[in-house]
Amino acid sequence: MKQLKSPRLMLIASMTIFGTLSLFVRNISVSSGELALYRAILAVLLLALFLAVTKQKILFSKMKKELPLLVLSGAAIGINWIFLFEAYKYTTVSVATLSYYFAPVIVTAVCPFLFRERLTGKQILCFIMSTLGIVLITGTVDMKGGSDLVGILFGLGAATFYASVILINKFIKNVEGIHRTFLQFLAAIMVLFPYVMLSGGITLGSLSVNGWINLLIVGLVHTGLTYCFYFSALKEIPGQRAAILSYVDPLVAVLISVTILGETMTLWQIIGGAMILGFTIWNEWKTK
């Protein structure tokens with residue numbers, strides 16, 4: 001039992017589960033917007049249960065000034081999910097995931113403008129080499145149908161909105177991790193529901209039994225339960241170690257793409273992916 005409660009194991013477990021997301025998303029035959037909405041709803045229900053069981057109260061009086069930021073970041077989370085699910089439809093899981101994990105590079109590039117942080121030589125090198133990695137992945141896709149390129153663009157779009165969530169969260173000071181996520185998911189529902197109703201409506205009736213099972217797994221396990229693990233672990237693990245362990249997610253996703261889904265990557269795409277992950281991890285690695 002003690003091992004199961006290890007923060008490091010909890011974080012690795014949550015990142016591993018995140019990495020298997022594509023396996024289940026591809027078996028749910030609803031639009032990306034609708035899937036993002038259901039994911040948020042199921043996650044909110046499970047997180048509400050978790051907060052109730054652990055007797056954690058959300059003190060709205062302390063966060064009045066930050067509610068607009070929570071709503072904005074929640075909307076970004078919803079759009080981020082839509083773009084990521086679309087990326088899975090158009091290209092391989094590995095290419096979509098590697099494009100998505102360009103988000104930390106975007107954050108590194110934007111921080112000097114928003115927070116007046118000075119870029120070091122190491123950060124500049126990591127930014128250039130990670131960007132070159134994206135160029136290698138994009139430049140070696142099959143351009144005949146254009147599908148892979150569309151998938152990469154959706155992946156980069158998801159990365160942009162994920163980066164915006166990270167940046168907005170830097171301005172939110174008075175809301176704890178799991179409370180913040182709960183409120184952001186609520187905000188995501190507020191944004192996604194009208195979008196779904198206007199773009200195609202509710203189509204849950206068309207889901208097969210297999211689709212329902214996969215939807216429940218994505219909403220309850222990959223979102224609700226995993227976020228509980230994730231934030232519980234973050235309280236106990238130093239930021240640098242947590243940032244580095246988070247790259248278990250894309251590594252698992254790439255392995256699943258190649259070994260289980262049978263998707264192929266060119267040599268240049270492998271090199272490009274290694275550059276993105278390698279230089280991003282090195283950027284997170286702070287030496288004494």
Would you give the length of the straight line joining atom CG of Leu277 to atom CG of Asp249, rounded to the nearest 0.5 angstrom? 10.0 Å
Just to verify, what does Asn214 make a side-chain contact (heavy atoms from CB on, under 4.5 Å) with, not counting sequence neighbours? Phe24, Asn27, Ile28, Asn210
Here the salt bridge (Lys or Arg N to Asp or Glu O under 4.0 Å) pairs for residues 158-170, sequence neighbours left out, are none
Please find the pair of heavy atoms, one from Val165 and one from Ser73, that lie closest to each other, and give the distance. CG2-O, 3.8 Å
Starting at CG of Leu192, measure out to CD1 of Ile77 and round the result to the nearest 0.5 Å. 10.0 Å
What pairs with Ala103 under side-chain contact (heavy atoms from CB on, under 4.5 Å), at least two apart in sequence or on another chain? Ala159, Tyr162, Ala163
Could you state the interatomic distance from OG1 (Thr120) to CG (Leu125), rounded to the nearest 0.5 Å? 9.5 Å
Where do Gly74 and Ala188 come nearest, in terms of heavy atoms and distance? O-CB, 3.3 Å
Starting from Val191, can I reach Ile202 by hopping between I/L/V/M/F/W/Y residues whose side chains sit under 4.5 Å apart? no
Applying ring-ring contact (aromatic ring centres under 6.0 Å, His included) to Tyr227 and not counting sequence neighbours gives Phe18, Phe185
Does the side chain of Ser29 reach to within under 4.5 Å of the side chain of Leu207, using non-hydrogen atoms? yes
Once salt bridge (Lys or Arg N to Asp or Glu O under 4.0 Å) is applied, what residue pairs with a partner in residues 190-203 remain, sequence neighbours excluded? none
Within-4.5 Å side-chain heavy-atom neighbours: Leu11 and Val248: no
Please check: side-chain N/O of Ser14 versus main-chain N/O of Thr226, any donor-acceptor pairing under 3.5 Å? no
Of the non-hydrogen atoms in Ala43 and Gly224, which two are nearest, and what is the gap between them? CB-N, 3.9 Å
Show, in sequence, the C-alpha distance, side-chain angles and deciding distance for Val258 and Thr92, and conclude whether the side-chain contact (heavy atoms from CB on, under 4.5 Å) test is met. CA-CA 9 Å; Val258 175; Thr92 64; over 6 Å; no
If you look at every heavy atom in Tyr88 and Ser22, which pair is closest and at what distance? CZ-CB, 3.8 Å
Non-neighbouring partners of Leu114 that pass side-chain contact (heavy atoms from CB on, under 4.5 Å), sequence neighbours left out: Val110, Leu167
Are Leu42 and Thr223 side-chain neighbours, meaning at least one heavy-atom pair lies under 4.5 Å? no
When you compare the side chain of Ile256 with that of Val93, does any pair of heavy atoms fall below 4.5 Å? no
Scanning both residues in full, the closest heavy-atom pair of Thr16 with Val252 reads O-CG1, 3.8 Å
Heavy-atom side-chain proximity of Trp268 to Ile271 below 4.5 angstrom: yes
With rounding to the nearest 0.5 Å, note down the distance linking OG1 in Thr160 to CZ in Phe102. 9.0 Å
Any side-chain hydrogen bond (donor to acceptor under 3.5 Å, both in side chains) pairs touching residues 75-85, not counting sequence neighbours? Asn80-Tyr100
Other residues, nucleotides, ligands: >12 heavy atoms within 6.0 Å of Tyr247 OH: yes
Could you go through the side-chain contact (heavy atoms from CB on, under 4.5 Å) check for Ser32 and Lys89 one step at a time? CA-CA 9 Å; Ser32 296; Lys89 291 180 181 179; 3.5 Å; yes
Holding to side-chain hydrogen bond (donor to acceptor under 3.5 Å, both in side chains), I want the full list of residues that pass it with Thr20, two or more places apart in sequence or in another chain. His222
Ring centroids only, cut at 6.0 angstrom: are Phe50 and Phe182 within range, meaning strictly under it? no
Gap separating the CG atom of Leu98 from the OG atom of Ser257, nearest 0.5 angstrom: 9.0 Å
Same apolar cluster: Leu136 and Leu267, side chain cutoff 4.5 Å: yes
Report yes if some heavy atom in the side chain of Val218 is under 4.5 Å from a heavy atom in the side chain of Leu21; otherwise report no. yes
What residues, two or more places apart in sequence or in another chain, satisfy side-chain hydrogen bond (donor to acceptor under 3.5 Å, both in side chains) together with Thr108? Asn283
List for me each residue that meets ring-ring contact (aromatic ring centres under 6.0 Å, His included) alongside Phe161, sequence neighbours excluded, and say none if there are none. Phe83
Can you confirm whether Phe279 sits close enough to Leu132 that some side-chain heavy atom of one is under 4.5 Å from a side-chain heavy atom of the other? no
Linked, directly or transitively: Leu255 and Val95 (ILVMFWY side chains, under 4.5 Å): no
Hey, does Ile178 have a side-chain heavy atom less than 4.5 Å from the side chain of Tyr230? no
State plainly whether one hydrophobic cluster holds both Met190 and Val44, where clusters connect Ile, Leu, Val, Met, Phe, Trp and Tyr through side-chain heavy atoms under 4.5 angstrom apart. no
Any residue meeting side-chain contact (heavy atoms from CB on, under 4.5 Å) with Thr203, in chain and number order, not counting sequence neighbours: Val30, Glu34, Ser206
Joint cluster assignment, Leu204 & Leu198, ILVMFWY side-chain distance < 4.5 Å: no
Taking all heavy atoms of Val105 and all of Ser130, pick out the closest pair and write down the distance. CG2-CB, 3.5 Å
Here the salt bridge (Lys or Arg N to Asp or Glu O under 4.0 Å) pairs for residues 252-266, sequence neighbours left out, are Arg26-Glu263
